[in-house]
Asker: 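This structure is in structure tokens; I'll ask about it shortly.
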There are 2 protein chains.
Amino acid sequence: MFSKKIPETTIRRLSAYFRQLSFLEKNGIVSISSSGLSQRLGFTDAQIRRDFSYFGQFGQSGIGYPVSELKKVMAKILGLDNKIWNVALVGVGNLGSALLAYKGFKEQGFFIKVAFDINPRKIGRSFRDIKIESLKKIPSLVKQKNISIGIIAVPSEAAQEVANILSHSGIKGIINFAPVRINVPSRIIVRHVDLSMELENISYFLATKRK
Amino acid sequence: MFSKKIPETTIRRLSAYFRQLSFLEKNGIVSISSSGLSQRLGFTDAQIRRDFSYFGQFGQSGIGYPVSELKKVMAKILGLDNKIWNVALVGVGNLGSALLAYKGFKEQGFFIKVAFDINPRKIGRSFRDIKIESLKKIPSLVKQKNISIGIIAVPSEAAQEVANILSHSGIKGIINFAPVRINVPSRIIVRHVDLSMELENISYFLATKRK
DNA sequence: GCGTGTGAACTCATTCACAGCT
DNA sequence: AGCTGTGAATGAGTTCACACGC
């Protein structure tokens, strides 16, 4: 879109901006300064101005940023502007079930359209209006339902195999909840969410009492 | 422990090292080179050597790193060496229930000892052997059960209040699953896990077709 | 006066490249 | 020959600080 080359770190802050701007808009705030956002988000004001500058010039000197306009811009950048992303979930265990029920996804335009599991007793059943299908049906259903993002919520041992199947089915992005690295073709975007890692991270800081 | 000053990024890779070394040890591999780890983990070999060097010199020229020894060192650094961390969960909704059932935590020595919810119908019930308590009991039970880490899995609106209660109860670390920033005294370590953010991140890359 | 947008300075992290050990 | 450990070089990301606009 804008060809400056945007730092990874900026991209990871985009969601926070978008959410905060939505909140401000809902509360009738029409304009916010970088230092106002700074307080609310915990990033420095300079960083916020820098981040926004990658995408254009939206601010008004002496006033700040127009909330609604900036929110729309953020939505567009994030690909959330009146777009719907179809999502497939693989692995309907504890975590998978929680993800199926999670309302936050729909709100942002992410719809889990199918769920897959290897357990024959689960296949055919429905959970939260989503029918659970056999892993064998991944390729056909991903295409048929125009799924672009896959969520892997299976045990570590199965994660790579599931990633392979998803890759071959034409998926474009994967969120992997299994605590192992998965190898996929580089055209596919992978994000890794590791719950134990976060706990270990905290335990590191608690164990080594450094300020 | 070692006073070099360790980069944040290195710390975030520690869990991955620990897990991989556990895996290697289980499979009878006694020694591994930085390039061997590089292949398995997707970090560069130079980066791995640099990371390890912050904690001392474990490698053997011409051979690599001794798996078991290095694993022990990582465990110690991460605070996982025969230590047990007691954890409290606040919010037993879909996500909270999944976290209660998640086996990965126990394996790493993190034990969810209590769960709290605001819903009177849930209070008093047990889920996975954990009794669900009223939020009012947080201060007393956190102390009594020697809890050091709290997990916030409540709706956004309630997150800050829960964070306040946890802070005042003497908790030392918090994992926050609510998609809002929480303010706590700086002595408390906070990690934020935002599921929608990860999806939005993927959608950004899919929306803006850049290589 | 207030607040943006951005060069320039700086800090943090990664990668290079190689001397030195086994 | 193979691989570590680390100075030095490079690159990425953040912060400073200030000219300019409202």
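Residue numbers begin at 1 in each chain, while the letters A, B, ... track the order of the sequences.
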Asker: Over how many whole Å does the gap from Y54(A) atom OH to dT4(C) atom P extend?
Answerer: 17 Å
Asker: Using atom types as modelled and distance alone, determine if a side-chain donor or acceptor of D117(B) lies under 3.5 Å from a backbone N or O of V90(B).
Answerer: no
Asker: Who are the side chain to side chain contact (heavy atoms under 4.5 Å, CB included) partners of T44(A), not counting sequence neighbours?
Answerer: A46(A), Q47(A)
Asker: Can you find a donor-acceptor pair, distance only, under 3.5 Å between R50(A) side chain and dT14(D) base?
Answerer: no
Asker: Quick check on K136(B): does its NZ atom have over 12 non-hydrogen neighbours (other residues, nucleotides or ligands) under 6.0 Å away?
Answerer: no
Asker: Between atom CG in D45(B) and atom P in dC16(C), what is the gap in whole Å?
Answerer: 9 Å
Asker: Quick check against the 3.5 Å criterion: does S38(B) have a side-chain atom that pairs as donor or acceptor with the backbone of S34(B)?
Answerer: no
Asker: Do the side-chain N or O atoms of T44(A) get closer than 4.0 angstrom to the phosphate oxygens (OP1, OP2) of dT15(D)?
Answerer: yes
Asker: From the options I32(B), V67(B), L37(B), select the one residue that forms a side-chain contact (heavy atoms from CB on, under 4.5 Å) with Q20(B).
Answerer: L37(B)
Asker: Counting any heavy atom closer than 4.0 Å, what does Y65(B) reach on the DNA or RNA strands: base, sugar-phosphate only, or nothing?
Answerer: sugar-phosphate
Asker: Where along residues 14-39 of chain A does a heavy atom fall under 4.0 Å from DNA chain C?
Answerer: S33(A), S34(A)
Asker: Relative to the 5' end of DNA chain C, which residue comes earlier, A46(A) or Q47(B), by the nucleotide with the nearest heavy atom?
Answerer: A46(A)
Asker: Rounding to an integer number of Å, can you tell me how far I48(A) CD1 sits from dG5(C) P?
Answerer: 13 Å
Asker: Quick one: do R12(B) and E198(A) make a salt bridge, cutoff under 4.0 Å?
Answerer: yes
Asker: Nearest to the side chain of R49(A), which nucleotide is it out of dT15(C), dT4(C), dT14(D)?
Answerer: dT4(C)
Asker: Could you tell me how far apart F52(B) (CZ) and dC3(D) (P) are, to the nearest whole angstrom?
Answerer: 15 Å
Asker: Give me, pair by pair, the N or O atoms of the protein and of nucleotides 20-22 of chain C that are less than 3.5 Å apart, along with how far apart they are.
Answerer:
residue : atom : partner : partner atom : Å
dC21(C) : O2   : S61(B)  : OG           : 3.1

Asker: So Q108(A) and F18(A), do their side chains get closer than 4.5 Å, heavy atoms only?
Answerer: yes
Asker: Starting from C1' on dA12(D), measure out to NZ on K5(A) and report it in whole angstrom.
Answerer: 7 Å
Asker: Side chain of R13(A), base of dG13(D): donor and acceptor closer than 3.5 Å?
Answerer: no
Asker: Any side-chain N or O of Q57(A) under 4.0 Å from OP1/OP2 of dT6(C)?
Answerer: yes
Asker: Between the side chains of D51(B) and R13(B), is the shortest nitrogen-to-carboxylate-oxygen separation below 4.0 Å, so that they form an ion pair?
Answerer: yes
Asker: Can you tell me the distance, in whole Å, between the CD atom of E8(B) and the C1' atom of dT14(C)?
Answerer: 16 Å
Asker: From CG of L70(A) over to P of dG3(C), roughly how many Å is that when rounded to an integer?
Answerer: 16 Å
Asker: Is there a side-chain contact between L195(A) and F105(B) (heavy atoms, below 4.5 Å)?
Answerer: yes
Asker: Looking at T10(A), I'd like to know whether one of its side-chain N or O atoms comes within less than 4.0 Å of OP1 or OP2 on dG13(D).
Answerer: no
Asker: Without decimals, in angstroms, what is the distance between F55(A) CZ and dT6(C) P?
Answerer: 14 Å
Asker: Taking CG in L135(B) as the centre, count heavy atoms belonging to other residues, nucleotides or ligands within less than 6.0 Å. Is the count above 12?
Answerer: yes
